Amino acid sequence: MIKTFIVKRLPLSIAINCLAIICSLMMACLIRFDFHFSSGVYQVFWRLLPAVVAIKLVVFWRYSLFSGWWRYVSMADLVTICKANIFASAGVVTYAVFVYRLEMIPRTILFLDGLFCFLLVAGIRFIIRALRENFYPMPINKAGKARLLIVGAGDAGQMIARELRLNRKLEYDAIGFIDDDKRKLKERFLGLPVLGTCEDIPSVCRRKKVEEIVIAIPSATGKQIRDIVEKCQQAEVTFKTLPGVGGLLDGSVSVEQIKDVSLEDLLGRDPVRLDSQQISNYLCGKRVLVTGAGGSIGSELCRQVARFNPSKLILFENGETPLFTIEQELKKAHPKLLIYSIIGDIRYRARVEAIFDEFMPEVVFHAAAYKHVPMMEVNPAEAVNNNVRGTQVVAETAHMFRVERFVMVSTDKAVNPTNVMGTTKRVAEKIVQALSRRSKTRFVTVRFGNVLGSNGSVIPTFKKQIRHGGPVTVTHKDITRFFMTIPEASQLVLQAGSMGEGGEIYLLDMGKPVKILHLAQELIRLSGKTPYDDIDIEFTGLRPGEKLYEELLLDGEGIKPTTHEKICVARSVLEDEMILKVQLEQLFDAARRLDLDLTVDLLQRIVPEYKPAEHASVRKLNL
């Protein structure tokens, strides 16, 4: 159907351009001879016409002037039309010089012909666009369309307004812009007025009977978004936003990209700057294995790695359903990429060694881990088996098969831990650091805090509680956490992996800690509810192993900056590998025998800064 439509449009486009070429030559001749319809006018006209039409049609075809939809003509098209006419006019002049030696061909006609041809060819297109945007179809039916106010009169806002004009099927009627740039006040863009600044949003909404607001400022900071959202809430209207700069990689803006304002928008972390060349140098054409490929961080690592064209991507995951989900997603997004989905347990050494032997990975991202703090408090043996022994198995196998780089994903809970999960991750860090001192494999650890929206995090829990009418449960009114988005964390893990020489612990810039109570209140407001009135907030007390605040740095580690502004490196704390090996054997033996109290005691010996809370009765119930 599309091909048929294009075939029908092509003859019409050629005919219109041909008519413009003929008219421009006729106008040039008439003006040159002061509109005297003498035989000289017709003689010059017919002498040039065949060559002018032939030359210009060929050049216009070369510059694709017969394709494209004229209703979407832009300044870029205007530049193309100008180039086409310059080359076409040059061809006509060349023809006149070589064939007629400019005898009986006034030079003025050649100049005027090029000028009029450009004006007619461009003018026809822009007239069609103007008619399409302002008068077609007539009359414009605005009944039933939501009155829309656009915050931001910049490029994104104007592109949204333009699309609303062109696509009459969209259920919005744009009534104007809001912009804090004083120079834009009372100006008009695309026929729509700038009605005021962000401070004026409530009054403008009342005066213009606005039903919905779209925040079209992709580069806005979290504070700017929060201020605008506050004004929208005061006006009691629905509000949406566009993706951030990082989500608009192709530079396009569309009404289809409008989405509800999310917590990520309010936190407003700056877009990540990646050194793509540095990352590509160690990923492009390489065999890459990701453990925990179905998890929140693991799956995002797979998405990010796939962008850098590895020769093979091996997904290693214990859960069948999440592995299937990420496999299907990647195959659809990267149909040419060789993807291998492996179901297996990182604790099963024979299975891990067989996978390494078959695929010979050159880069390993180790993201597999148990991370739910209260659950690991009552399952310390499983936490040790997975987070400690699993890491040891994968790391030692990577060393044995001479993997080039091994990047382990760690957590801020490994710093001065008060819980089993954080302690097991700190032990895993020690294993990797100790192994790096005698291995040719570059072992690197990346430590960061919570990620928004990850499985088991507070955000999905809060959203579910809000959907059920509350209450939203917060453990403590003063509890704080570091947060970053899953894509941001994964991108920085890739960047840190490109830096490591071996043994480093890289710390990601988590920004300022955020109060969990503040997150709960903002999520309630984003749901159109009022905290404590529509949705109550209850404080349940700290859970087993939980502390009020998290840290990213241990005493004695010290930090140094790197070439990336969001990544710094901690100084390694040396461990005696032989002593660590003996301690690990004792720890694994206690875990195998399910001696949970001894398991916790041995964790404390390996990680002296671990200060466990007493939950022995809870652990006994778990038996």
Side-chain angles (χ1 to χ4, degrees), residues 69-79 81 122-123 125-142 145-221 224-225 227-229 231-232 235 237-245 247-248 250-259 261 265:
W69 288 28
W70 294 358
R71 71 181 69 169
Y72 299 120
V73 67
S74 64
M75 292 302 297
D77 297 309
L78 188 65
V79 172
I81 294 170
R125 286 162 169 77
F126 278 94
I127 287 172
I128 289 175
R129 171 176 165 175
L131 291 173
R132 177 71 183 183
E133 290 190 6
N134 295 283
F135 304 108
Y136 178 82
M138 295 183 65
I140 297 173
N141 182 17
K142 296 184 178 182
K145 292 192 174 185
R147 292 174 63 81
L148 181 73
L149 181 64
I150 303 173
V151 178
D155 292 340
Q158 291 182 40
M159 291 182 76
I160 292 295
R162 184 177 295 113
E163 186 168 351
L164 290 175
R165 281 191 169 192
L166 292 173
N167 192 345
R168 304 299 181 184
K169 294 181 181 180
L170 295 172
E171 299 300 318
Y172 294 105
D173 175 29
I175 56 97
F177 295 99
I178 289 290
D179 202 290
D180 280 337
D181 189 342
K182 303 293 185 183
R183 298 171 298 176
K184 295 180 181 178
L185 293 179
K186 298 184 180 178
E187 297 289 342
R188 299 181 76 86
F189 298 93
L190 298 172
L192 299 175
V194 179
L195 299 170
T197 65
C198 292
E199 289 293 325
D200 303 319
I201 288 177
S203 60
V204 170
C205 288
R206 287 191 296 269
R207 189 170 71 251
K208 296 292 185 178
K209 298 181 180 178
V210 173
E211 298 172 79
E212 194 161 326
I213 291 176
V214 58
I215 304 170
I217 314 175
S219 60
T221 64
Q224 289 174 319
I225 294 291
D227 292 341
I228 295 171
V229 166
K231 297 299 178 183
C232 295
V237 294
T238 304
F239 50 91
K240 296 180 182 294
T241 188
L242 289 174
V245 173
L248 301 176
D250 58 356
S252 63
V253 178
S254 168
V255 172
E256 295 178 356
Q257 292 172 312
I258 294 175
K259 63 183 182 67
V261 175
D265 299 317

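By convention here, the first residue in the shown sequence is residue 1. Please read these numbers as outputs of a predicted model, since none were measured by experiment.
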Would a 4.5 Å heavy-atom cut-off, applied to side chains only, mark [X] and [Y] as touching?
X: I228; Y: I217; result: yes
X: V204; Y: L149; result: yes
X: I213; Y: T238; result: no
X: F189; Y: V194; result: yes

Taking side chain to side chain contact (heavy atoms under 4.5 Å, CB included) as the definition, give me every residue that meets it alongside [X], ordered by chain and number, with sequence neighbours left out.
X: R188; value: P193
X: L192; value: A161, A174, F177
X: K182; value: L185, T197

Could you tell me which residues satisfy salt bridge (charged side-chain N to carboxylate O under 4.0 Å, His left out) with D181, sequence neighbours excluded, listed by chain and number?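 For D181 the salt bridge (charged side-chain N to carboxylate O under 4.0 Å, His left out) partners, ignoring immediate neighbours, are R183.
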E211: salt bridge (charged side-chain N to carboxylate O under 4.0 Å, His left out) partners, not counting sequence neighbours: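 So E211 forms no salt bridge (charged side-chain N to carboxylate O under 4.0 Å, His left out) with any residue.
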Which pairs pass salt bridge (charged side-chain N to carboxylate O under 4.0 Å, His left out) with one or both residues in residues 196-208, sequence neighbours excluded?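 For residues 196-208, and leaving out neighbouring residues, the salt bridge (charged side-chain N to carboxylate O under 4.0 Å, His left out) pairs sorted by first residue read E199-K231.
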Tell me if a side-chain donor or acceptor on E212 pairs with a main-chain N or O of V237 at a distance below 3.5 Å.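 No; zero donor-acceptor contacts below 3.5 Å.
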Check I201, I175, D179 against L195 for a side-chain contact (heavy atoms from CB on, under 4.5 Å) and give me the one that passes.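 The residue from I201, I175, D179 that satisfies side-chain contact (heavy atoms from CB on, under 4.5 Å) with L195 turns out to be I175.
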